[in-house]
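Below, all heavy atoms of this structure are taken into account, side chains as well, without hydrogens, waters or symmetry copies. Since this is a predicted model, take the numbers as computed values, not measurements.
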Amino acid sequence: MSRLLRNGVFLYLIIIFALIFTDLYSHLNKPLKTSISTGGITALANAWTPKQAQTILSNWNKAPAPLQVEGYQNDISGITKVVSDELSNTTSATNDTAIRLLGWNFVVIVVYSLLLASVFLQTVLYYGASSRAKVERAGKWSIWGVLVMGILNNILLLSAVKSGHPVLPWLTALSYWIYGKLIIVTVALCIIPRIRLILGLIPQLFSLLWEFRIVFAGLLFTWLILWVMDQGQDLLLTITSQPLGPIVSLSVISIFAVTNWYFPKYYDKTPQSVREVFSDSWQYTFNGDKPYEERIFTGRLLGAAGLILPGICVLHAMHIFRISYLIDFLQPSTIMVILLILYYLILQKKWFTNIKWLLIAALFLIALLSYSGLRSSENTQPGFLLFFALDFFLLSFVFILFTINRSSFPGLNRWLSTLILSAVIIVSLVFLYLNCFPLALSFSANARFFTLSVVFSGVLFYILFFSFLLVLGRKYNIQFITLLVIGLFVAALFTTNDYHLVRLVPEKSSNIAQTPPYDHLEDYASKWFDTRETEITAYYNRFHKPYPVFIINAYGGGIRAAAWTSKVISSIETTLLQHTRNDTDSTFRHDFQHYVFAYSGISGGTIGSSVLCAHRFAKLKNNNLLQEDTVLQCLYKRDFLTPVLVLMMGRDALLSSFGYNFMGDRGSYQERIWEKHISEAAHLMKADFVYDSTLDYYWYRDNKRYEVPLLFANSYTIDSGLKTISAPVYLNENNFPSAFLINNYLGEKRQYSQQMRLSTSSFLSARFPYISPEAKIDNTHHLLDGGLKDYSGAETVREIKLVLDSIVAHRDSLKTRVRFFILSLPNTIEQDDEQPVSKNIFELTAPLTGLVNNPAGNTLKSEGVNINAAKREGYDYSRIPPIAPKGQKGIRPVFPLGWQISDAALDFMDNCLLNGANREAVHAVADSIYK
């Protein structure tokens, strides 16, 4: 037994089992964590008194309670928080769960004891001869104590749980205390003789990270985009929605993984010529000596990691989407560690060195790809993500076997360098080409799966570029990478940067300094009421209630905010048209936006509102206002993300430092992408649906004036910290205090010589770093996303409402015949949108935490002011956030904070809108108009 415990392979295998059973323990313990037993089963193990233990056991004995979900009753008369009951889809915290956990805990205790014994017996040899025998005896007694105390504690816990009453709680707690202390003693005995070695590993680790920094940066980027960002998680659903998606993604990511294996040898051995780069032998040596195996293993494991990491990111996304699979109790990160340990053992022990293993693994891979990739009816389902993850894992295994057995392919081995470098160069050239023609990347709905592959082409370009600079620098003893970084920094610091100048449209010389292109808000509002005066009177006489006037604030949130805003307004319009369709009096046969005076948006909420304005204007011009269409439904299925990402990773990274705007930055191209997609949507409508005209085109140049709601785009001025407003009206500084009013500024400073397009004005509100750059008006005004100030746009709604109040107060015909309604449109699921709690605040992180949470506080304040004012002043306030359907099972996609959204997320958004509370809210809004 002692020989087995001292075996290195056994140690690695027991570490794998310890990782597996640790995750299983955590998985089973999770349902046992309640407000009474915050630590789960450990809370019962630490209960010293019968009263404490009985309280926990009684809590677990309760019948499974329904999961309470907070929502909002969107009554048009106000907002009321309600609680609805839904059955929890997690395992109930009952005794059955605890019994199952404690049954497995016997195995966990044995595995942990074996792990401690194996580590101890391999480290005790490093003690001095004089103390080794005593230490070995103490360590063995300690390990036996861990095993005995753990089993005793587990037996007592199991007896208590089965009987429902405490069994010697003092002995249970004492045995658990001793169990924990003995583990600490054993670990200390293992560490003491190797403390110098352990401390020496720290600089070695940093040295390794620095030497392979380019490859590690690529892996870090992969983790950030696919694990951390919900936009990356949503991309995975898009990729698996098309038969070609997984094939294209696997191909490009495989090149990325092979590159991680290929380039480390050049970080260790500098080639002397281009020919050597393309044809040098892969069997390199260290100091002209024998093959340096650890370096070889590092490169191979980095290559395998390039395939394993995307696979575990897919599993992580499946956890978030609530897609179950056989071993979903294992954390994805645990699976990655286990695979890397196994691959290291394969490399170290030279297992699977026969070529037949490679052929068998390759056949399995081909079979899996054939089954999953060629059946389009299968891979349109979100569950196909599991096959996608398996593809990555099997590819990583094939890769490891190939690196071991590549000597069996002498012809291929001779040309391997050429093949790999050629593939990387081709993909990098594609990335450079796309930087020159970014609009070629604005994919339609069926081609969005290319996005992730395009992003990885950028990663490959930078790995190639920086590896070339690194190798060149080593050859000539010049730090080219450092010089490049310093040069870009100095250029950015001392250059007047006009790269992110806002696109402005010059007026014709005959129009300059004649008539201002916009009305003042007060004049516009008076005319808006004038055009409806007869209608207001008729409405009052028929329905015997005031005429409804809506002001809507749309929260920020990228594409999810734009889509949610459009879907909610479209749903209200559909419901209202159903109410009014049979009305013979055309005075009352209007769509919902006829009653909307203005939108106030932030970021994506502004984009959704601006699209609604352009869409309504097109329908007005086409005289089909009361006809339903699916243009907006189709619009958000297009790709608004890829060109922006390519430019962010590509030419903007270089040109933004020098500041010369001769090609257009990603901010301008983001506007052009939306203009392009909306122009294509116009063909579906057969109407003048445009997004690239100046603001006055939509609000002043047509006989349909005062029918398109005003658009207030809220952004943030970096220079002053003030809120910024862009609107197709001039605003009074007294009504909108402490705000930078863009169109007032352009009119006063530039004599009405320039205007903004609707797309430009809207995207000034959606400049979220770093996907979109800051926008420059001039040297004293630089704008960022409005969400850095306030997520909601509710403060501007309040200011608009006060202006309208003053107009109504001075007109007797409106005083009692107009009622204002504020409709707020958040876009995150309410029960998920919890206020962040900072668990550990200390001096270094406190300022950053405060800055991050500041917009959330401003949002709560703005919404709170409107809610309280509604009660005090007698107007109406309601909100329609996404609410997950009651008892909803199966996949639950994320609503991504980005500029592309999957069909699955859009469908889930529709389900949230059809949820009982939201369906009632939509009908309540329609009823407030026509009932």
- Flag, side chain of Asp719 to backbone of His782, donor-acceptor distance under 3.5 Å: yes
- Query: Is there side-chain contact between Ile678 and Val690, with heavy atoms separated by less than 4.5 Å?
  - Reply: no
- Enumerate the residue pairs fulfilling salt bridge (charged side-chain N to carboxylate O under 4.0 Å, His left out) with a member in residues 660-669, sequence neighbours excluded, ordered by first and then second residue. Asp652-Arg666
- Among residues two or more places apart or on two chains, list those pairs meeting salt bridge (charged side-chain N to carboxylate O under 4.0 Å, His left out) that have a residue in residues 548-557. none
- Dump the intermediate steps for salt bridge (Lys or Arg N to Asp or Glu O under 4.0 Å) on Arg757 and Glu671, then the final yes or no. CA-CA 9 Å; Arg757 296 176 177 86; Glu671 298 163 17; 5.9 Å; no
- What pairs with Phe740 under ring pair (Phe, Tyr, Trp, His ring centres under 6.0 Å), at least two apart in sequence or on another chain? Tyr745, His781
- Do Ser761 and Leu711 have side chains that get closer than 4.5 Å, going by heavy atoms? no
- Query: So, Arg448 and Asp903, do they make that salt bridge, N to O below 4.0 Å?
  - Reply: yes
- Dump the intermediate steps for side-chain hydrogen bond (donor to acceptor under 3.5 Å, both in side chains) on Glu675 and Ser759, then the final yes or no. CA-CA 7 Å; Glu675 293 167 3; Ser759 58; 2.5 Å; yes
- Task: Check Pro517 against Gln755 and note the closest heavy-atom contact, atom names and distance.
- Result: CB-NE2, 3.7 Å
- Message: Students often mix this up, so state it plainly: with edges at 30° and 60°, are the rings of His590 and His594 parallel, tilted or perpendicular?
- Response: parallel
- Does the pair Asp805/Lys801 count as a salt bridge with the N-to-O cut at 4.0 Å? yes
- Check Arg560 against Phe895 and note the closest heavy-atom contact, atom names and distance. NH1-O, 3.1 Å
- Should the pair Tyr524 and Tyr700 be assigned to parallel (<30°), tilted (30 to 60°) or perpendicular (>60°) ring geometry? perpendicular
- Query: So which heavy atom on Leu632 is nearest to which on Tyr636, and how close?
  - Reply: O-CD1, 3.1 Å
- Query: What closest approach, in Å, do Ser765 and Ser715 show between heavy atoms, and which atom pair accounts for it?
  - Reply: CA-CB, 3.8 Å
- Query: Is the shortest heavy-atom distance from the side chain of Tyr716 to the side chain of Asp790 under 4.5 Å?
  - Reply: no
- Message: Distance check, rounded to the nearest 0.5 Å: Met756 atom CE versus Leu758 atom CG?
- Response: 10.0 Å
- Query: Do the side chains of Phe821 and Val925 get nearer than 4.5 Å, heavy atoms only?
  - Reply: no
- For Ser603 and Gly556 the tightest heavy-atom approach is CB-CA, 3.8 Å
- Query: Considering all heavy atoms of both residues, which atom of Tyr518 and which atom of Val729 are nearest to each other, and what is their separation?
  - Reply: CB-CA, 4.0 Å
- Measure the CZ-CZ distance between Phe597 and Arg532 for me, rounded to the nearest 0.5 Å. 9.0 Å
- Query: Mind checking whether Ile602 and Tyr791 have side chains closer than 4.5 Å, heavy atoms only?
  - Reply: no
- Just how far is it from atom CD1 of Ile807 to atom CH2 of Trp528, taken to the nearest 0.5 Å? 10.5 Å
- Worked check of side-chain hydrogen bond (donor to acceptor under 3.5 Å, both in side chains) between Thr694 and Asp696: CA-CA 6 Å; Thr694 54; Asp696 64 337; 2.5 Å; yes
- Do other residues, nucleotides or ligands put more than 12 heavy atoms under 6.0 Å from Phe736 CZ? yes
- State plainly whether the residues Lys789 and Glu795 are in salt-bridge range, i.e. N to O under 4.0 Å. no
- Message: Please verify the inter-ring angle class for Trp899 with Phe763; under 30° counts as parallel, over 60° as perpendicular, anything in between as tilted.
- Response: tilted
- Query: Can Lys619 and Asp591 be counted as an ion pair, charged N to O under 4.0 angstrom?
  - Reply: no
- Task: With sequence neighbours left out, write down each residue that passes side chain to side chain contact (heavy atoms under 4.5 Å, CB included) with Ile901, or none if nothing qualifies.
- Result: Asp234, Ile559, Pro896, Ala905, Leu906, Met909
- Message: Less than 3.5 Å apart, any donor N or O on the side chain of Thr451 or Thr642 sitting next to an acceptor on the other?
- Response: yes
- Do Tyr555 and Thr859 come close enough that some side-chain heavy atom pair is under 4.5 Å? yes
- Query: Got a sec, which residues hit side chain to side chain donor-acceptor pair (under 3.5 Å) with Thr796, two or more places apart in sequence or on another chain?
  - Reply: Asn714, Lys723
- Can Arg616 and Glu707 be counted as an ion pair, charged N to O under 4.0 angstrom? yes
- Message: Using the rule given for side-chain hydrogen bond (donor to acceptor under 3.5 Å, both in side chains), can you reason through Glu799 versus Asn735, listing the C-alpha separation, both sets of side-chain angles and the distance that settles it, and then say yes or no?
- Response: CA-CA 6 Å; Glu799 292 165 343; Asn735 296 326; over 6 Å; no
- Evaluate the side-chain proximity of Tyr698 to Pro728: yes if any heavy-atom separation is below 4.5 Å, no if none is. no
- Query: What is the distance from atom CG of Leu823 to atom OH of Tyr877, rounded to the nearest 0.5 Å?
  - Reply: 9.0 Å
- Message: Please enumerate all residues that pass ring pair (Phe, Tyr, Trp, His ring centres under 6.0 Å) together with Phe431, with sequence neighbours excluded.
- Response: Phe461
